[in-house]
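For reference, the structure discussed in these notes is given below.
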Amino acid sequence: MGVGGCLALPWRCLVVLCLRLLFLVPAGVPVRSGDATFPKAMDNVTVRQGESATLRCSVDNRVTRVAWLNRSSILYAGNDKWCLDPRVVLLANTKTQYSIQIQDVDVYDEGPYTCSVQTDNHPKTSRVHLIVQVSPKITEISSDISINEGGNVSLTCIATGRPDPTITWRHISPKAVGFISEDEYLEITGITREQSGEYECSASNDVAAPVVQRVKVTVNYPPYISDAKSTGVPVGQKGILLCEASAVPSADFQWYKDDKRLAEGQKGLKVENKAAFSRLTFFNVSEQDYGNYTCVASNQLGNTNASMILYGPGAVHDGNNGAWRRGGCAWLLALPLAQLARQF
């Protein structure tokens, strides 16, 4: 409710009515808005919600009676307060100025205010319009969403404020440039994994700093193995095969040698699975460990695999098809030469 309410008592309202009809507007005398020889009230007053609004009216020694009204309700008549609202106070009642203040202004206070004066039995009025600005506030925004790659996404951001705020969407990503939408709604058709991440809604109207909220968009996609390299390791040394894969949700990894699945805890082996890679470690490579290994990465959306080879020194292998064979004499001479070196 605005500041214009009068006292609830019937007799008080009757007095107000009489004051309007007799005190401020004598019968048969028209009310004139302003006068070329009489100062007017101030121009429109613009304040932010929660601030104080000061309404000033210039007067002179010709004025015998003065009052401030909000629409049809009297706020102050001279030094007498006629409204119940404690936020309305009298600031000045002098020979040159008649001013009131409305504290903690709200949107309901917006509207016309009238300074009414009487001089030589002729009433005059001057009007000022109070404009209340409101900082932007996001009242509704989409929840975080998870969607499969290729699907369509619709995000909503609703905000209020006075004046109406401007709403923009942007993708929080190093590759994203500028705004991707200047509307309450953001539509993404056929979303890709590169479009996953956080989307920020910003509401601004120059009344206060923009308000922002974010929505996280998770794009699910099947595994893709990005790195799987064959490795050469001498007998008796430590060997590692690494399989890296990207996937959302994270991939589950399995290792096979030929058609046999390798189990965690198998003697001489260690399988270490993380969110983005799997590591197969051989603590003491033997001749039996050499050969073709397959890494399988899978999640709810699919699976993929890659082959790699653990080979010894001098072995010739084809990284594309997994074929491998021993090098000739160099491999056969390696052990005898090593033994002779130890003897001398």
Side-chain angles (χ1 to χ4, degrees), residues 146 148-150 173-175 192-197 218-344:
S146 178
N148 293 345
E149 189 171 34
S173 168
K175 297 181 180 180
T192 65
R193 64 192 69 180
E194 290 78 16
Q195 293 174 299
S196 65
T218 301
V219 179
N220 305 313
Y221 57 91
Y224 168 76
I225 295 179
S226 56
D227 190 17
K229 296 179 180 178
S230 299
T231 303
V233 182
V235 171
Q237 300 297 311
K238 182 179 179 180
I240 296 176
L241 293 177
L242 187 65
C243 179
E244 297 182 2
S246 60
V248 177
S250 299
D252 294 322
F253 292 93
Q254 295 178 353
W255 286 93
Y256 292 84
K257 183 181 181 185
D258 299 325
D259 295 330
K260 183 180 179 181
R261 181 181 174 182
L262 303 179
E264 173 65 34
Q266 190 170 330
K267 185 177 179 180
L269 296 178
K270 181 182 179 181
V271 178
E272 183 181 5
N273 292 331
K274 299 294 183 179
F277 70 88
S278 180
R279 182 186 292 120
L280 177 61
T281 302
F282 304 83
F283 293 106
N284 187 6
V285 173
S286 66
E287 285 281 344
Q288 290 73 27
D289 293 326
Y290 293 135
N292 187 67
Y293 290 83
T294 301
C295 168
V296 178
S298 61
N299 66 7
Q300 298 94 315
L301 301 179
N303 63 78
T304 187
N305 65 81
S307 295
M308 61 200 85
I309 298 170
L310 181 69
Y311 58 91
V316 178
H317 68 283
D318 184 347
N320 294 325
N321 58 27
W324 68 291
R325 60 184 175 84
R326 298 288 190 201
C329 297
W331 175 259
L332 296 176
L333 292 175
L335 282 177
L337 289 175
Q339 293 172 352
L340 288 173
R342 284 195 294 268
Q343 291 177 5
F344 292 99

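Only a predicted model underlies this, so the values are computations on that prediction, with no experimental measurement involved. By convention here, the first residue in the shown sequence is residue 1. Values below: all heavy atoms of this structure, side chains included; hydrogens, waters and symmetry mates excluded.
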If we ignore hydrogens and angles and just use 3.5 Å, is the side chain of [X] paired with the main-chain N or O of [Y] as donor and acceptor?
X: Ser230; Y: Ile309; answer: yes
X: Asn299; Y: Tyr221; answer: yes
X: Tyr290; Y: Val233; answer: yes
X: Gln237; Y: Pro234; answer: no

Validation row: [X], [Y] side chains within 4.5 angstrom (heavy atoms):
X: Met308; Y: Thr231; value: no
X: Thr281; Y: Lys238; value: yes
X: Val219; Y: Val248; value: no
X: Cys295; Y: Trp255; value: yes
X: Asn148; Y: Leu301; value: yes

Would you compute the distance between atom [atom1] of [X] and atom [atom2] of [Y] and round it to the nearest 0.5 angstrom?
X: Arg279; Y: Phe253; atom1: CZ; atom2: CZ; answer: 11.5 Å
X: Glu149; Y: Ser196; atom1: CD; atom2: OG; answer: 9.0 Å
X: Leu269; Y: Lys257; atom1: CG; atom2: NZ; answer: 9.0 Å
X: Lys260; Y: Thr294; atom1: NZ; atom2: OG1; answer: 14.5 Å
X: Ile225; Y: Ser307; atom1: CD1; atom2: OG; answer: 9.0 Å
X: Asp289; Y: Tyr311; atom1: CG; atom2: OH; answer: 15.5 Å

Which atoms form the tightest heavy-atom contact between Ala251 and Ala297, and what is the distance?
->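 Smallest interatomic distance, heavy atoms only, reads CB-CB, 4.0 Å.
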What about Tyr293 and Phe282, are their ring centers closer than 6.0 Å?
->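 Yes, they do, as the ring centres are separated by less than 6.0 Å.
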Evaluate whether atom OH of Tyr224 has more than 12 neighbouring non-hydrogen atoms of other residues, nucleotides or ligands under 6.0 angstrom away.
->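 Open.
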Distance only, no hydrogens: is a donor on one side chain within 3.5 Å (strictly under) of an acceptor on the other, for Asn273 and Ser278?
->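 Yes - a donor-acceptor pair under 3.5 Å links their side chains.
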Please check if any side-chain donor atom of Tyr256 sits under 3.5 Å from a side-chain acceptor atom of Gln254, or the reverse.
->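 On atom types as modelled, these side chains qualify, holding a pair under 3.5 Å.
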Can you sort out the partners of Ser146 under side-chain hydrogen bond (donor to acceptor under 3.5 Å, both in side chains), two or more places apart, ordered by chain and number?
->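 side-chain hydrogen bond (donor to acceptor under 3.5 Å, both in side chains) check on Ser146 returns Asn220.
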